[in-house]
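Small disclaimer: the values here were computed from a predicted structure and weren't measured. Chain identifiers are assigned alphabetically (A, B, ...) following the order of the sequence lines, protein sequences preceding nucleic acid strands; residue numbering begins at 1 within each chain. These numbers come from the heavy atoms of this one structure, side chains and all, not from hydrogens, waters or symmetry mates.
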Amino acid sequence: MIDRQEFRRSFDEMNAALARRGDDVVAPDSPWGKARTLDLTQRELKAEAETLQAERNRVSKLIGQKKGAGEDASAELAAMGKVSRRVKELESLAKDAEAAFSDELLEIPNPLHASVPDGSSEDDNIEIRRWGTPRTDTVPAHWDIGTDLGILDFEAGATLAGSRFTVLKGAAARLERGLMQFMLNTHVDTHGYEEVWVPAIVNRKTMTGTGQLPKFEDDLYKLEGEDAYLIPTAEVPVTNLYQDQILDAATLPRRHCAYTPCFRREAGSAGRDVRGMIRQHQFDKVELVHITTAERALTDLEELTGHAEAILQALELPYRMVELCSVDIGFSAQKTYDLEVWLPSQQCYREISSCSSFGQFQGRRAGIRYREEGGKPQAAATLNGSALAIGRTLVAILENGWQEDGSIKLPAVLHPYLGGIKSIVSNTLQA
RNA sequence: GGAGAGAUGGCUGAGUGGCCGAAAGCGCGCCCCUGCUAAGGGUGUAUAGGCUUAAACCUAUCGAGGGUUCGAAUCCCUCUCUCUCCGCCA
């Protein structure tokens, strides 16, 4: 959520920053376009109501005194009856205007950070660096590799739940579990994160705090008849761990990692990546979350991204890091780096991690604040990044580790997590 | 799912219609006294919004929402959450 004070005082600057996301974001009929009028209306109504309330409070006190002294207060009573009715009217109007204003505010995306490059499509994203040597020989798609080995069962997934669900068997299931362990251990033991285990179902307020709602309801699974949604990412419960709290600045940054399943309806991506397990309705992910100060947000982003990269490097997976351009950055983010892993079957890099700084955007929405010694509370900055999406990591391991004989060579760091075996030659793990 | 109890400031905990943004204690900040790792005294200590150069001032907030009233932490209604007991259960 944008800052109201800034909205009033620096309208033009904010307008410029928002316009970089696209002209439609600042169109007259957009939430941004409507917000200004609603704000003025709301403030006028409130000011008028407050003036009358002050009057009422003053006279009510007088009535109390008069009655206490046995004096007649009927004139005041009559006058205040009238004032009270008017106050009620004004309050009701002000409340409606305030609600309308707040609703629009929740639909306005985060103004981009000044360092974000301009662009008109994802093709304008900027490659920052590459790591590793991509293999260029012909490698089968992971769905063929996995089916041949008997470790990925797409039919079973479709039978049980529908398209975009996969059943992992034997070595694949163990690999999924091993990756989860390996990633969490690395972040806890090497990178110093505090691990948390959180609900995969959250309520509407929590979803609103991180920005998934109200705008992206269609992307979420909602539980019928309840105020409950399946989380699309651990970002939601982990960041909201601090909702409506005031943290001591000395305790920042708070850094958490968490494993959760993630659920996404993929409403807008019909027909894309329908084969294989690149794009699933349910997938596993280890997520990193930072709660930090506004000043530290950008340096923390570099650090957090580095922690995600460390996983790819340890797994010996070639990847590149790209900085998203102005039109490709998500609603709540102010700046984003994507990590893309090399998929030999497609001969291209595919997103496996997205690391973003949200500035104070989520902090304001979720009421996460911190206080410097003797200072006023201010909205905390939040960051998060996948480290990594486990399903896609499994895909990358299958394809990058694929051998001519159909077996899969496994990265050395995973051996201890897989009972010591070094390769997959069937749906059972072999030494 | 059934029955009961409760929700007040960083914490504990008073407060059943006005003098309550809220006693008292604890904790914490600053000052003083004491000159030694005891204690004492004073003072301050919520959040948001409005108006302001600033201070002052005004408004709102005692789980949430609605109602009664000139006036509600206090009365009424609805909801949420927590705790205890019973039932069920991985």
Check your understanding: Contact class for Arg369(A) (heavy atom, under 4.0 Å): base, sugar-phosphate, or nothing?
Key -> sugar-phosphate
**Study point:** Minimum side-chain heavy-atom gap Tyr229(A)-Val236(A) below 4.5 Å
**Key:** no
Revision key, fill the gap. Rounded to whole Å, CZ of Arg204(A) lies from P of rU80(B) at a distance of 17 Å
Check your understanding: What is the distance, rounded to the nearest whole Å, between atom CD of Glu98(A) and atom C1' of rU59(B)?
Key -> 14 Å
Point to revise | Between P of rG50(B) and CG of Leu90(A), the distance in whole Å | key: 18 Å
Exercise for review: Please measure how far the P atom in rG4(B) lies from the corresponding atom in rC19(B), and state the result in whole Å.
Suggested key: 35 Å
**Study point:** Base-pairing mate for rG17(B) - Watson-Crick or G-U, with both contacts under 3.5 Å
**Key:** none
Practice item. Using atom CD1 of Ile368(A) as one end and atom C1' of rU47(B) as the other, report the distance to the nearest whole Å. Key: 17 Å
Review point. If you look at every strand shown and take non-hydrogen atoms under 4.0 Å, does Ala47(A) touch a base, only sugar-phosphate, or nothing?
Key: nothing
Point to revise | rU69(B) and rA73(B), which share atom name C1', separated by this distance in whole Å | key: 16 Å
Point to revise | Pair Phe182(A) and His415(A), ring centroids less than 6.0 Å apart | key: no
Check your understanding: Does Asn57(A) place a side-chain N or O at less than 4.0 Å from the phosphate oxygens OP1/OP2 of rU59(B)?
Key -> yes
Check your understanding: Quantified in whole Å, what is the P atom distance between nucleotide rU82(B) and nucleotide rU8(B)?
Key -> 14 Å
Point to revise | Qualifying residue, where the test is ring-ring contact (aromatic ring centres under 6.0 Å, His included) with Tyr259(A) and the options are Tyr193(A), Phe283(A), Trp197(A) | key: Trp197(A)
Review point. Is a side-chain N or O of Gln245(A) found less than 3.5 angstrom from the main chain of Leu241(A), in a donor-acceptor match?
Key: yes
Point to revise | Atom-to-atom span, CG of Asp248(A) to C1' of rG29(B) - whole angstrom | key: 14 Å
Practice item. Using a cut-off of strictly less than 4.0 Å, decide whether Gln5(A) has a side-chain nitrogen or oxygen near OP1 or OP2 of rG50(B). Key: yes
Practice item. Tell me which of Gln53(A) and Ser84(A) sits closer to the 5' end of RNA chain B, going by the nucleotide each one is nearest to. Key: Gln53(A)
Exercise for review: Scan Arg43(A) against the nucleic acid and name what it touches under 4.0 Å (heavy atoms): base, sugar-phosphate only, or nothing.
Suggested key: sugar-phosphate
Practice item. Pick the C1' atom in rU61(B) and in rA72(B), then give their distance to the nearest Å. Key: 13 Å
Check your understanding: Would you find a donor on one side and an acceptor on the other, under 3.5 Å apart, between the side chain of Asn110(A) and the backbone of Phe358(A)?
Key -> yes
**Study point:** Minimum-distance nucleotide (side-chain atoms of Pro377(A) versus rA48(B), rG18(B), rU59(B))
**Key:** rA48(B)
Point to revise | P gap between rU47(B) and rG41(B), integer Å | key: 28 Å
Review point. Nearest to the side chain of Arg371(A) - rU47(B), rG49(B), rU59(B)?
Key: rU47(B)
**Study point:** Nucleotide paired to rA72(B) in any strand shown, Watson-Crick or G-U, under 3.5 Å
**Key:** none
Practice item. Rounded to whole angstrom, note down the C1' distance from rA14(B) over to rA22(B). Key: 10 Å
Review point. Just checking Arg8(A): base, sugar-phosphate only, or nothing, at a heavy-atom cut-off of under 4.0 Å?
Key: sugar-phosphate
Exercise for review: Starting from the 5' end of RNA chain B, give me the residue, Ala54(A) or Gly81(A), whose nearest nucleotide shows up first.
Suggested key: Ala54(A)
Review point. Does a side-chain N or O from Lys205(A) land closer than 4.0 Å to OP1 or OP2 of rG63(B), or not?
Key: no
Check your understanding: Rounded to the Å, how far apart are Arg85(A) CZ and rU68(B) P?
Key -> 11 Å
Practice item. Answer yes or no for Arg254(A) and Tyr242(A): cation-pi contact, defined as NZ/CZ to six-membered ring centre under 6.0 Å and angle to ring axis within 45°. Key: no
Practice item. For nucleotides rG27(B) and rA90(B), find the distance between their P atoms and express it as a whole number of Å. Key: 49 Å
Study note, to complete from the structure: When both distances are under 3.5 Å in a Watson-Crick or G-U wobble arrangement, the nucleotide paired with rC62(B) is none
Practice item. Describe the nucleic acid contact of Lys67(A) in one word from base, sugar-phosphate, nothing, applying a heavy-atom distance below 4.0 Å. Key: base
Check your understanding: Any donor-acceptor pair under 3.5 Å between the side chain of Gln65(A) and the base of rG18(B)?
Key -> no
Check your understanding: What is the distance from CG of Leu52(A) to P of rG50(B), rounded to the nearest Å?
Key -> 19 Å
Review point. Per the side-chain contact (heavy atoms from CB on, under 4.5 Å) rule, which among Met183(A), Lys285(A), Met180(A) passes with Thr393(A)?
Key: Met183(A)
Check your understanding: Who is the Watson-Crick or G-U wobble partner of rC30(B), with both distances under 3.5 Å?
Key -> rG42(B)
Check your understanding: With rounding to whole Å, what would you report as the distance between rU34(B) and rC58(B) at their C1' atoms?
Key -> 45 Å
Study note, to complete from the structure: For rU37(B), the nucleotide meeting Watson-Crick or G-U wobble distances (both under 3.5 Å) is none
Study note, to complete from the structure: In whole angstroms, the gap separating C1' of rA46(B) from CD of Gln378(A) amounts to 17 Å
Exercise for review: Give one of base, sugar-phosphate or nothing for Glu55(A), where a contact means two heavy atoms less than 4.0 Å apart.
Suggested key: nothing
Exercise for review: Counting Watson-Crick and G-U wobble pairs only, both distances under 3.5 Å, name the nucleotide matched with rA54(B), or none.
Suggested key: none
Review point. Applying a 3.5 Å limit to both distances, which nucleotide forms a Watson-Crick or G-U wobble pair with rU12(B)?
Key: rA24(B)
**Study point:** Within the 6.0 Å centroid threshold, strictly below: Phe361(A) and Phe331(A)
**Key:** yes
Revision key, fill the gap. Scanning all shown strands, the Watson-Crick or wobble mate of rC81(B) with both distances under 3.5 Å is rG6(B)
